[in-house]
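Just so it is clear: chains get the letters A, B, ... in the order the sequence lines come, proteins before strands, and each one is counted from 1. None of the values given here were measured: they were computed from a predicted structure.
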Protein chains: 2
Amino acid sequence: MNISEKIILPEAAPEDRSGAIREAIRNAIIDRRLAPGTKLSEAEVGALFDVSRTVARAALQMLAFEGLVKTERNRGAFVSHPSPDEARQVFASRRLIEPGVVAEALDRMTPAEIEGFRRQLDEEARHMSERGPAARRAEIKASGDFHLMLASVSGNAILQKFMEELVARSSLVIALYGRSGISSCGHSEHSAILDALENKDGERAAALMIHHIDHIEADLDLQLKQGSGLKDALSLP
Amino acid sequence: MNISEKIILPEAAPEDRSGAIREAIRNAIIDRRLAPGTKLSEAEVGALFDVSRTVARAALQMLAFEGLVKTERNRGAFVSHPSPDEARQVFASRRLIEPGVVAEALDRMTPAEIEGFRRQLDEEARHMSERGPAARRAEIKASGDFHLMLASVSGNAILQKFMEELVARSSLVIALYGRSGISSCGHSEHSAILDALENKDGERAAALMIHHIDHIEADLDLQLKQGSGLKDALSLP
DNA sequence: CCATGTCAGATTGCATACGATTTAGACGTG
DNA sequence: CACGTCTAAATCGTATGCAATCTGACATGG
């Protein structure tokens, strides 16, 4: 899989170029324009964004740190290819963290933010009704964004960072092990969670969230099929 | 505050030198040989570990990513100086995550691992009984290690990584806002948690853990004293 | 005496150069 | 035809040089 043309970053970033590149690649990964296993060579990334290898490398290091990319010494960086076990860990972590996030969000959510959530859900619905791969990608992203918005209003920057990592890794996992085309079934669940939040029913919101995560994970096929057998069998021990 | 002599890294690291440097600095931060606010210049770090600025820079970037170091563009890297608000976020995150960690640890803990915990607690106690700053540092580190061991046996690498970040940041917070010399009071609580784990009483272990975290946080003085006012006031909005 | 403007030194951001390591393909041999 | 070896290209890891930026000191003017 190859990255297409030269990408022009959102202009307003004269500084922190590696951070901008990180986000661009990150987005490409979470909406699956970059498949797991894809090689990301420093030279290629550098050329693509028109920077030197130094800054491309920095971006890849950041991505490696948040688990979206795996680097092998003297071999390069590859889009992560999480094992079924890693996949389970991702969702175990989310089950642990997200109920707490909704609980903290409950107290701090302003009416304006509720309105923002509503708009977000509308957008989700809109993407769902559209056809085509672009709409699909947008839908995936929007679905993750719901969880990130929640983390954002929780007011805890650390948890927010953790959630960013977990949501991104979830995308990878779903790309690899997702059974139904998309775990889009989640939209109505998002709605229900928001309703519970609006009614200040924290118990229910947390329960719905856990249910939602269970639901996503249940849609995966985590039997260690994907391994063509050998390659992955030998990387475990 | 200056870093003293040249440091020789644990020999067995011919590869991943930046990772080794990261850990060395990390350790220096968590047992408070490096005070919050200390400047870490690329050249100085590089000279200290006898590497080029390139690899020193990589180490600093990693530390920045896990929140132990803050970099300001064109100004350099500094040991983080968490605000009271960040401090609260650290403990809020721990309160959220650690009960889950003990729950997962409960199921997977082997007798051998229990033995390991006992030894760890003995070491904690030993450091507590000794005098001198070196013993104090060892005690702080050992205290954090208890929590990290717990995360380790939980079998979830992602949570383990999160906990490493949180424990390290906690050290910074305690260094800044700790009231009593040390939050060493925690030792008996560690013991109690381990007892509960051994008795397979997950409820109690989780409750004790929360209590323990509350206890640590209660020992802090998080009134926003340190702000000389202006500098911090302007960095918020 | 304090405030403001200017300059030198220091430090970072980035690009590039070079050696080391890995990989792929050619080639010869059993 | 299969297999092992060797060479060459590609790619990474690291060091270093240069330009841009910041800090602090000093000079100047109010």
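Per the geometry, CD belonging to A/Gln61 stands 11 Å off C1' belonging to D/dG13, to the nearest Å. Distance B/Lys70 NZ to C/dT12 C1': 19 Å, rounded to the nearest Å. What separates CD of A/Glu42 from P of C/dA15 is a distance of 13 Å, to the nearest Å. With rounding to whole Å, B/Asp16 atom CG is found 20 Å from C/dA20 atom P. Rounded to whole Å, the distance from CZ on B/Arg75 to C1' on C/dA10 is 13 Å. The CZ atom of B/Arg57 sits 4 Å away from the P atom of C/dG13 (whole-angstrom rounding). As rounded to whole Å, 14 Å separates atom C1' of D/dC12 from atom CG of A/Leu40. Note: CZ (A/Arg53) to P (C/dC14) measures 16 Å, nearest angstrom.
No donor-acceptor distance shorter than 3.5 angstrom exists from the side chain of A/Arg22 to the backbone of A/Ala59, with no hydrogens or angles considered.
Nearest nucleotide to the A/Asn74 side chain, out of D/dA15, C/dT21, C/dC14: C/dT21.
B/Thr54 contributes a side-chain N or O that forms a donor-acceptor pair with the base of D/dT16 under 3.5 Å.
The aromatic rings of A/His190 and A/Phe146 lie parallel to each other, their planes meeting at an angle below 30°, with 60° marking the opposite boundary.
Remark: the A/Arg94 side chain and the A/Ser170 side chain contain an N/O donor-acceptor pair separated by less than 3.5 Å. Using a 3.5 Å distance cut-off with no hydrogens or angles, the side chains of A/His127 and A/Arg136 do not pair a donor with an acceptor.
Closest-nucleotide positions on DNA chain C for A/Val55 and B/Ala43 were compared, and the one nearer the 5' end corresponds to B/Ala43. Mapping B/Gly76 and A/Val51 onto DNA chain C by nearest heavy atom places B/Gly76 at the nucleotide closer to the 5' end.
Look at A/Arg17 and you'll find a side-chain N or O under 4.0 angstrom from OP1 or OP2 of C/dC14.
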